[in-house]
Amino acid sequence: MSAQTHTAARAQKLLRRKGALTPLILVMGFIGASLRYLLECALPANGGFPAATLVINIFGCFVLELVNQYVGRRMHLPGALVKSLGVGLVGAFTTISAFSTECLAFLQAGKVGL
């Protein structure tokens, strides 16, 4: 058995253990939230239309589908890793709470059109 095959087998075994999903989701969530923050800094709304939120949510929909369809089915990765990519990384990247907060702020400011 080669070293690479041994490492892959060991990783598969670790990811199947009970409780392996939680740390993966935490790490992926941290990465997703950090990416969202960086994009929000790059495309600030400044009281206008929140372009970053629109870009993030549209991109996130495509990425989630890629994770579920391509990564999950064709790359034969462990289920825990695929779930943590979808729930943690993409979930933290595309938070519905950010969209809801921005909509509420527009309603309170009387900017119903935005």
Side-chain angles (χ1 to χ4, degrees):
M1 183 182 283
S2 71
Q4 185 178 10
T5 306
H6 179 67
T7 303
R10 187 168 180 233
Q12 291 265 352
K13 185 177 178 182
L14 285 172
L15 290 172
R16 285 192 195 112
R17 289 176 57 190
K18 184 178 180 179
L21 190 58
T22 302
L24 279 173
I25 290 176
L26 290 172
V27 169
M28 294 297 177
F30 173 77
I31 294 169
S34 298
L35 291 172
R36 178 183 187 81
Y37 174 75
L38 291 173
L39 194 55
E40 291 278 350
C41 288
L43 298 170
N46 295 332
F49 185 76
T53 302
L54 180 65
V55 169
I56 287 167
N57 287 332
I58 290 173
F59 181 71
C61 290
F62 288 112
V63 170
L64 186 59
E65 191 61 23
L66 284 174
V67 165
N68 287 332
Q69 298 301 320
Y70 181 75
V71 174
R73 293 183 181 177
R74 295 200 175 108
M75 293 185 73
H76 305 293
L77 294 176
L81 184 58
V82 174
K83 288 177 187 174
S84 68
L85 284 170
V87 173
L89 182 73
V90 180
F93 184 66
T94 61
T95 58
I96 191 71
S97 61
F99 174 73
S100 300
T101 302
E102 289 169 351
C103 286
L104 182 61
F106 285 137
L107 288 172
Q108 290 174 340
K111 299 178 181 177
V112 180
L114 283 176

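Numbers for residues simply follow the sequence, beginning at 1.
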Evaluate the side-chain proximity of Leu24 to Lys83: yes if any heavy-atom separation is below 4.5 Å, no if none is. no
If the test is side-chain contact (heavy atoms from CB on, under 4.5 Å), which one of Thr94, Val90, Leu89 qualifies with Leu64? Val90
Leu38-Val27 co-clustered via ILVMFWY side chain contacts under 4.5 Å: no
Given side chains that start at C-beta, do those of Val55 and Leu39 come closer than 4.5 Å, heavy atoms only? yes
Residue list, side chain to side chain contact (heavy atoms under 4.5 Å, CB included) with Val82, at least two apart or on another chain: Val67, Val71, Leu77
Nearest heavy-atom contact between Ala92 and Gly29 is CB-O, 3.2 Å
Taking a hydrophobic cluster as the set of Ile, Leu, Val, Met, Phe, Trp and Tyr residues connected by side-chain heavy atoms closer than 4.5 Å, whether directly or through intermediates, do Phe93 and Leu26 fall within one such cluster? no
Is Phe49 close to Leu54 at the side-chain level, that is, under 4.5 Å between some pair of heavy atoms? yes
May I have the step-by-step check of side chain to side chain contact (heavy atoms under 4.5 Å, CB included) for Leu81 and Ser84, ending in yes or no? CA-CA 5 Å; Leu81 184 58; Ser84 68; 4.0 Å; yes
So Ile31 and Arg36, do their side chains get closer than 4.5 Å, heavy atoms only? no
Connected via hydrophobic side-chain network under 4.5 Å: Phe59 and Met28: yes
Using a 4.5 Å cut-off on heavy atoms from C-beta on, say whether the side chain of Ile58 contacts that of Cys61. no
